[in-house]
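First comes the structure, then the notes that go with it.
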Amino acid sequence: MTLGERIKKLRLNNEMSVRHLAEKVGVTASFIYQLEQNKVSPSFSTLKSIATHLNTSMSLLVEDQLPEEWVIVRLDRRKKIVLDNDLLNLEVLTFLGYRDKKMQPMVFHLKAGGKTDEVDFVNEQREDFIYLLQGKVEVAVNKTKYILEQGDAAYFIFDAPSSIENIGQEEASGLWIISPPGI
């Protein structure tokens with residue numbers, strides 16, 4: 001990916017217009033547009049300002065390849081959180097590197113017969129995606145209950161899950177993504 005492509009992707013991820021970024025950096029919108037098309041090259045100070053206003057580092061913009069620890073979370077770097085007396089275990093996948101992350105992925109494990117009401121994360125204005133890898137769970141959202149079986153996925157945009165119960169005979173596990181991060 002070229003420098004211009006990275007700048008454009010980060011600008012769009014930050015929901016920033018070309019004109020807004022240009023104003024913050026102190027250049028013309030035409031310069032940013034040309035930069036994103038790789039028609040001009042920025043000075044060191046301009047590149048540093050762009051990185052700052054896009055909530056990232058210069059290395060993320062200019063390196064040919066990102067360091068592996070920015071892309072991959074190894075098993076030994078998972079942050080474990082235990083809820084409801086060990087019934088629900090969350091493995092928070094913590095990706096390193098300086099960047100404004102838009103989502104928080106987690107792997108969850110819920111023991112057979114287990115139920116938790118402790119799923120209220122910090123950010124109330126969030127979206128939740130759950131993909132069930134194993135087992136069978138009931139996800140309550142307000143007074144509505146949804147049954148998920150292995151391979152099922154659920155996407156909650158207006159209301160977040162208020163409880164998760166393992167209604168199967170084995171441990172349930174799945175991938176849970178919250179956006180924006182709230183842990």
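- Every side chain to side chain donor-acceptor pair (under 3.5 Å) that Asn38 has, sequence neighbours left out, goes to Thr2.
- Between the NZ atom in Lys111 and the OG atom in Ser173 there is a gap of 14.0 Å [rounded to 0.5 Å].
- To the nearest 0.5 Å, atoms CD (Glu127) and CD1 (Ile178) are separated by 11.5 Å.
- In this structure, Thr28 has no side chain to side chain donor-acceptor pair (under 3.5 Å) partners at least two apart in sequence or on a different chain.
- The side-chain heavy atoms of Gln104 and Ser179, taken from C-beta on, include no pair separated by under 4.5 Å.
- Judged as a salt bridge (Lys or Arg N to Asp or Glu O under 4.0 Å), not a single pair has a partner in residues 38-56 (not counting sequence neighbours).
- Of all heavy-atom pairs spanning Lys115 and Ser163, the tightest one is CE-OG, 3.9 Å.
- Between Met16 and Lys24, some side-chain heavy-atom pair lies under the 4.5 Å cut-off.
- Within 6.0 Å of atom CZ in Phe129, more than 12 heavy atoms from other residues, nucleotides or ligands are found, so the atom counts as buried in its surroundings.
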Intermediate values then yes/no, side chain to side chain contact (heavy atoms under 4.5 Å, CB included), Leu132 and Leu175
CA-CA 6 Å; Leu132 199 61; Leu175 177 65; over 6 Å; no

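- For the side chain to side chain donor-acceptor pair (under 3.5 Å) test, residues two or more places apart in sequence or in another chain that qualify with Glu36 are Arg11.
- Residues Val139 and Pro161 approach most closely at CG1-CB, 3.7 Å, considering heavy atoms.
- Looking at every heavy atom in both residues, Gly168 comes nearest to Ala112 through O-CB, 4.2 Å.
- Between His53 and Leu21, the closest side-chain pair of non-hydrogen atoms falls below 4.5 Å.
- Between Ile130 and Val137, the closest side-chain pair of non-hydrogen atoms is not below 4.5 Å.
- Judged by distance alone, with hydrogens and angles left aside, the side-chain atoms of Thr56 form no donor-acceptor pair with the main-chain N or O of Ala51 at under 3.5 Å.
- The other members of the hydrophobic cluster of Ile167, by chain and number, are Ile147 (side-chain heavy atoms under 4.5 Å, ILVMFWY only).
- The structure places CD1 of Ile177 at 12.0 Å from OH of Tyr131, a figure rounded to the nearest 0.5 Å.
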Could you walk me through whether Leu110 and Glu171 pass side chain to side chain contact (heavy atoms under 4.5 Å, CB included), step by step?
CA-CA 6 Å; Leu110 185 59; Glu171 178 178 271; 5.9 Å; no

Can Met58 and Phe44 be said to form a side chain to side chain contact (heavy atoms under 4.5 Å, CB included), step by step?
CA-CA 9 Å; Met58 286 181 50; Phe44 178 83; 3.2 Å; yes

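- Annotation: side chain to side chain contact (heavy atoms under 4.5 Å, CB included) contacts of Leu12 (sequence neighbours excluded): Lys8.
- Atom CG of Leu61 is separated from atom CG of Leu54 by 7.0 Å, given to the nearest 0.5 angstrom.
- Rounded to the nearest 0.5 angstrom, Leu133 CG and His109 NE2 are separated by 8.5 Å.
- Within the structure, every pair that satisfies the side chain to side chain donor-acceptor pair (under 3.5 Å) test and touches residues 137-150, not counting sequence neighbours, is listed here: Asn142-Asp159.
- The backbone N or O of Phe156 sits nowhere less than 3.5 Å from a side-chain atom of Asp128 that would complete a donor-acceptor pair.
- In this structure, the separation between CG on Leu10 and CD on Glu5 is 12.0 Å, given to the nearest 0.5 Å.
- Contacts of Glu23 classified as side chain to side chain donor-acceptor pair (under 3.5 Å), with partners at least two apart in sequence or in another chain: none.
- Thr46 pairs by the side chain to side chain contact (heavy atoms under 4.5 Å, CB included) definition with Val25, Val27, Phe31, Pro42, Ser43, Ile50, not counting sequence neighbours.
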